[in-house]
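Bear in mind the structure is a predicted one, so any value in this text is a computation, not a measurement. Computed over heavy atoms, backbone and side chain alike; hydrogens, waters and symmetry mates excluded.
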Amino acid sequence: MLTAGDVSKKDMQKLIETAKQNYDVILIDCPAGIGRGLKTLWQAADEAYLVATPDDASLRAAQRVASMLFERRQLHASLVLNRIDRFLIAVHE
């Protein structure tokens with residue numbers, strides 16, 4: 001099975017540039033963690049949305065990825081929180 005980590009940076013950039021000619025938005029779902037696949041993909045990213053759950057381990061991992069994106073690409077990442085328990089959210093009026 002072929003994974004993003006098996007594709008070279010050059011090939012991934014070529015694939016994304018080709019897709020940009022036909023689509024306004026291209027969303028690529030990356031596996032968790034900072035592996036070769038993620039490093040290949042962030043080279044061609046215009047924006048980054050990190051999905052995390054509200055537990056410490058997930059938030060720390062998202063922070064590491066966000067820091068690396070900013071350090072290496074000056075790319076600010078947005079955070080999307082998944083699996084929020086609505087009863088734990090305080091509503092301020």
Side-chain angles (χ1 to χ4, degrees):
M1 181 165 121
L2 186 65
T3 66
D6 297 327
V7 179
S8 72
K9 289 179 186 178
K10 182 179 177 182
D11 289 339
M12 183 58 70
Q13 287 175 324
K14 183 177 177 181
L15 175 67
I16 292 172
E17 289 302 319
T18 300
K20 282 182 178 181
Q21 295 172 11
N22 297 308
Y23 300 98
D24 295 327
V25 176
I26 303 166
L27 181 65
I28 300 173
D29 184 14
C30 297
I34 303 171
R36 183 173 173 217
L38 177 63
K39 291 177 183 178
T40 298
L41 289 169
W42 77 30
Q43 300 299 319
D46 295 324
E47 296 181 46
Y49 295 87
L50 305 176
V51 178
T53 56
D55 61 89
D56 291 340
S58 182
L59 292 172
R60 278 193 305 272
Q63 178 60 44
R64 281 194 306 271
V65 172
S67 294
M68 290 180 78
L69 284 170
F70 185 75
E71 289 171 9
R72 297 183 183 183
R73 291 271 330 275
Q74 300 298 303
L75 187 62
H76 292 278
S78 297
L79 178 64
V80 177
L81 284 177
N82 193 12
R83 297 185 183 158
I84 297 288
D85 185 345
R86 64 184 175 96
F87 296 109
L88 299 177
I89 299 174
V91 178
H92 300 286
E93 294 181 11

> With a 4.5 Å cut-off on side-chain heavy-atom distances among I, L, V, M, F, W and Y, is there a chain of contacts connecting Ile16 to Leu27?
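Result: no, two separate clusters.
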
> Looking only at heavy atoms, which two atoms of Gln74 and Glu71 are closest? And how far apart?
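Answer, listing the atom of Gln74 first, then Glu71: NE2-O, 4.0 Å.
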
> Would you say Arg73's side chain and Ala45's backbone share a donor-acceptor pair under 3.5 angstrom?
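Yes, because the side chain of Arg73 sits within donor-acceptor range (under 3.5 Å) of the backbone of Ala45.
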
> Is there a path of hydrophobic side-chain contacts, each under 4.5 Å between heavy atoms, that joins Val65 and Phe70?
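No, Val65 and Phe70 fall in different hydrophobic clusters.
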
> Can you measure from CG (Leu79) to CD (Gln63) and round to the nearest 0.5 angstrom?
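Reported to 0.5 Å precision, the distance equals 9.5 Å.
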
> Return the CG to CG distance between Leu69 and Leu50, rounded to the nearest 0.5 Å.
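Here the rounded value is 6.5 Å.
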
> Can you name the nearest heavy-atom pair linking Arg83 to Thr53, along with the distance?
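Closest approach of Arg83 to Thr53: CD-CG2, 4.0 Å.
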
> Could you see if Tyr23 belongs to whatever hydrophobic cluster contains Met12? Use Ile, Leu, Val, Met, Phe, Trp, Tyr and a side-chain cutoff under 4.5 Å.
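Shared cluster, yes.
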
> Atom CG of Asp55 and atom CG of Leu81: how far apart are they, to the nearest 0.5 Å?
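Going from CG on Asp55 over to CG on Leu81, the span is 10.0 Å.
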
> Any carboxylate oxygen within less than 4.0 angstrom of a Lys/Arg side-chain nitrogen, looking at Asp46 and Lys20?
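A salt bridge links Asp46 with Lys20.
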
> Measure the CG-NZ distance between Leu15 and Lys10 for me, rounded to the nearest 0.5 Å.
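Rounded to the nearest 0.5 Å, the CG-NZ separation comes to 14.0 Å.
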
> Tell me whether Ser58 contacts the main-chain N or O of Pro54 through its side chain, where contact means a donor paired with an acceptor under 3.5 Å.
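No: the side chain of Ser58 does not pair with the backbone of Pro54.
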
